[in-house]
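FYI, side chains are in, hydrogens and waters are out, and symmetry mates aren't considered; it's all heavy atoms of this structure. So that the names make sense, note that chain A is the first sequence line, chain B the second, and so on, each numbered from 1.
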Amino acid sequence: MAAIYSLFIINKSGGLIFYKDYGSAGRMDTNDSLRLASLWHSMHAISQQLSPTTGCSGIELLQADTFDLHCFQSLTGTKFFVVCEPGTLHMEALLKVIYELYTDYVLKNPFYEMEMPIRCELFDLNLSQAIQKDRVALLGR
Amino acid sequence: MAPLAPKTGDAVFASIDHVNAELFTLTYGAMVRQLLTDLEEVEEVNKQLDQMYVGYNIGVRLIDEFLAKSNVSRCVDFKETADVIAKVGFKMFLGVTASVTNWDAEGTSFSLVLEDNPLVDFVELPDTFQGLHYCNILSGVIRGALEMVCNVSMKTEVTWVRDMLHGDDAYELRVKLLKQIPEEYPYKDDE
């Protein structure tokens, strides 16, 4: 049983650059995932404006009945967010790990164009390993 | 979860993979040499290293790695940015610390002084290339990195004040903040 349902990475302008589906529930086609990413980007931006506290950097966690959405935004504007089972722990740590994998396997790839969709095999490979490790750790508890 | 504490330059430097210093120096040297052969003009090479291609492109990609591995939080002001670049940034990527000096009155311009520079081990500039800023890649990297930070993207101008290859006693980079661009959402785009 997958604790993570899906992973999205959006660039600073709100375009979807990476989408990976892990669960059997909520499978989306490309158009839907693009739409969802833009929607999230806008909501994240609006939340910064609406926040009553100063210096708010946007939504970090969205909790619903059937899922949790954890979002991490780097200081460069790239957003990493994961949709998972309600109550899944350590998603922030996982997002940080994914950010590091992004900086290593995507940004250092000289053929990767900035802000464009990610098509890097090494990134996919290491990402699967990271998610798998996380899943094993989760079951082990 | 509590935010992770920012790591010191030494801690990050110790935790990442290292490459042979000579390999690094010689690779950089080969690249500069090839640029000189291809472009012939010293000024053109200076521009390539900094603005047009090499340095700037490295900078825009390096900033994410820097932020991911060092866990620094958003800098409150430009002074903090300068310290972070000198203590954590330079240490992490070049293994040497720079010092921050010569702040101007408004606090928008500072100097980064490097005593030790791994890029220039074994290098001597011949007379024909005296105008070359051998380490211009560093200017480009700093410029590119600072521009990519979201919300307070900083446009800077980075120039060489002292260069040991030209006979000075240390390497000094002057970083000047031209303007800070707060990221605004283009609400008026469609009008």
## Note on the structure
In B/Tyr171, B/Phe90, B/Tyr134, the residue satisfying side-chain contact (heavy atoms from CB on, under 4.5 Å) with B/Asn117 is B/Tyr171
### Task
Verify the distance criterion only: is there a donor paired with an acceptor across the side chains of B/Glu172 and B/Ser111 at less than 3.5 Å?
yes
### Message
Is A/Ser74 close to chain B through its backbone or its side chain, or both, or neither, when contacts mean heavy atoms under 4.5 Å?
### Response
side chain
### Query
Given a strict heavy-atom distance threshold of 4.5 Å, which part of A/Tyr112 is in contact with chain B: side chain, backbone, both, or neither?
both
### Side-chain donor or acceptor of B/Arg162 paired with backbone N/O of B/Leu173 under 3.5 Å
no
### Query
So which of A/Leu75, A/Thr103, A/Leu107 has the biggest tally of heavy-atom pairs under 4.5 Å with chain B?
A/Leu75
### Task
Determine, step by step, whether A/Glu115 and A/Lys12 satisfy the salt bridge (Lys or Arg N to Asp or Glu O under 4.0 Å) criterion, reporting the C-alpha distance in whole Å, the side-chain angles of both residues, the deciding distance to 0.1 Å, and the verdict.
CA-CA 8 Å; A/Glu115 315 284 301; A/Lys12 57 172 19 160; 5.4 Å; no
